[in-house]
Amino acid sequence: MTLDPNIEEIEKKMQYLVSTSGGADSLSAASFDYDHRNTKELINFHEGFNDVITLDNDGMWKGGPGIKLRPDLYDKGLLEYKDHKINPVTGKEWELGDSVSVDLGDAWFDRAWETNKIDVNKIFKNFNDFPHSTQAGLISMAHILGYNKFTSEFKNLIKEANKPNYNLKKMALEMKYAYPDSVQNVETQSKFYNQIGHRGEHLFQLIGNQKTVDDILKLYR
């Protein structure tokens, strides 16, 4: 007897929730993580893996799956992780070109994922009502930008998203264009959209709920 694919998926989800949850809040978080496991995979594909510390477009150092080092926050006591400042292998401060292990990169990514989830729920009061694809696109933006840049550079997107009758298409346009209500052409595409290359169109399609995460993952698998 062959189980219905939906039943198999439900069983897998229940097994995951039982193995990872520890209370109502934890259960909710585990459920979200399970439903967005493909979103995590997509971000990993989009970011790739830098096995050495490199310089990002904004002048910050990054390594692993697009993780920006924040030794300044660690020094201020705003970040508890010393490995953003000190290379755990050498015991010295990071330098450009230092190697980043897969294990450390994965640890950085898991922490970033938790931060991204917190950030999007702070920024978007309607977040839990958005389609899965839209949620995935916004989490990806949060991973790339961080809370401060997201809230300062995409105020109109956030304003539209927080309306009771939000429009997904307009949200996507606010990400792609600097002036979406007037001129939409290559010259008016946002700096962010152009900086992230092919990911820009992927996020546009996700936020507008035009494509699913699995549709885009097929390009990488």
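Start at 1 with the first residue, then count along the sequence.
- Here the straight-line distance linking atom CH2 of Trp94 with atom CD1 of Ile86 works out to 10.0 Å at 0.5 Å rounding.
- Counting only heavy atoms from C-beta outward, the side chains of Thr39 and Phe32 never approach each other to under 4.5 Å.
- Here the closest non-hydrogen pair linking Thr212 and Ser133 is CA-OG, 3.3 Å.
- Between His202 and Tyr220, the ring-plane angle classifies as perpendicular under the 30° and 60° cut-offs.
- Within the 4.5 Å cutoff, the side chain of Glu153 has no heavy atoms near those of the Ile158 side chain.
- Summarising the geometry of Gly63 relative to Ile53, their closest heavy-atom pair is CA-CD1, 4.1 Å, with the distance given to 0.1 Å.
- Rounding to the nearest 0.5 Å gives a distance of 13.0 Å between OH of Tyr81 and CH2 of Trp108.
- Remark: Glu187 pairs with no residue by the salt bridge (Lys or Arg N to Asp or Glu O under 4.0 Å) rule, at least two apart or across chains.
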Might you work through the side-chain contact (heavy atoms from CB on, under 4.5 Å) test for Asp119 and Phe150, ending with a clear yes or no?
CA-CA 9 Å; Asp119 287 349; Phe150 203 145; over 6 Å; no
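- For the atom pair OH of Tyr193 and CZ of Arg199, the computed distance is 12.5 Å after rounding to the nearest 0.5 Å.
- By the 4.5 Å heavy-atom criterion applied to side chains, Trp61 and Leu55 are counted as neighbours.
- In this structure, CD1 on Ile139 lies 11.5 Å from CG on Leu203, to the nearest 0.5 angstrom.
- Here the CG atom belonging to Asn116 is positioned 10.0 Å from the CD1 atom belonging to Ile144, to the nearest 0.5 angstrom.
- The two residues His46 and Ile216 make their nearest non-hydrogen contact at NE2-CG2, 4.4 Å.
- Counting heavy atoms from C-beta outward, Lys85 and Leu69 have side chains that stay 4.5 Å or more apart.
- In terms of heavy atoms, Lys149 sits closest to Leu145 at CB-O, 3.5 Å.
- Between Asn38 and His132 the shortest side-chain heavy-atom distance falls below 4.5 Å.
- Listed by chain and number, the residues in a side-chain contact (heavy atoms from CB on, under 4.5 Å) with Tyr179 are Ser182, Thr188 (sequence neighbours excluded).
- Hydrophobic clustering (side-chain heavy atoms under 4.5 Å, transitive across Ile, Leu, Val, Met, Phe, Trp, Tyr) keeps Phe192 apart from Val183.
- Looking at heavy atoms from C-beta onward, Leu168 lies in side-chain contact with Pro131 at the 4.5 angstrom threshold.
- Pro180 and Leu173 make their closest contact through CB-O, 3.7 Å (heavy atoms, listed as atom of the first residue, atom of the second, distance).
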Evaluate the criterion side-chain contact (heavy atoms from CB on, under 4.5 Å) for residue pair Asp98 and Val100; output intermediate values, then yes/no.
CA-CA 7 Å; Asp98 278 356; Val100 179; over 6 Å; no
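- Between Glu174 and Phe154 the shortest side-chain heavy-atom distance does not fall below 4.5 Å.
- Follow the hydrophobic side-chain contacts under 4.5 Å out from Leu219 and you reach Leu42 in the same cluster.
- Cation-pi check for Lys176 over Phe204 is met; the charged atom lies under 6.0 angstrom from the ring centroid and within 45 degrees of its normal.
- Rounding to the nearest 0.5 angstrom, the gap separating the CG atom in Asn126 from the CD atom in Gln135 is 11.0 Å.
- Salt-bridge check for Glu160 with Lys163: passed, with a basic side-chain N closer than 4.0 Å to an acidic carboxylate O.
- The existence of a salt bridge linking Asp33 and Lys117 is confirmed by a sub-4.0 Å separation between a basic side-chain nitrogen and an acidic carboxylate oxygen.
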Using the side-chain contact (heavy atoms from CB on, under 4.5 Å) rule, take Ile67 and His84 through it: C-alpha gap first, then chi angles, then the decisive distance, then the call.
CA-CA 10 Å; Ile67 304 300; His84 268 243; 4.2 Å; yes
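- In this structure, Phe49 has its ring center at least 6.0 angstrom away from the ring center of Phe109.
- Dense packing is recorded around CD of Gln210, with more than 12 heavy atoms of other residues, nucleotides or ligands lying under 6.0 Å away.
- Using a 4.5 Å heavy-atom cutoff, the side chains of Leu138 and Leu157 are in contact.
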Stepwise side-chain contact (heavy atoms from CB on, under 4.5 Å) test for Val120 and Met141:
CA-CA 9 Å; Val120 292; Met141 284 187 70; over 6 Å; no
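- Between Arg70 and Leu79, the shortest heavy-atom distance links the atoms O-CD2, 3.7 Å.
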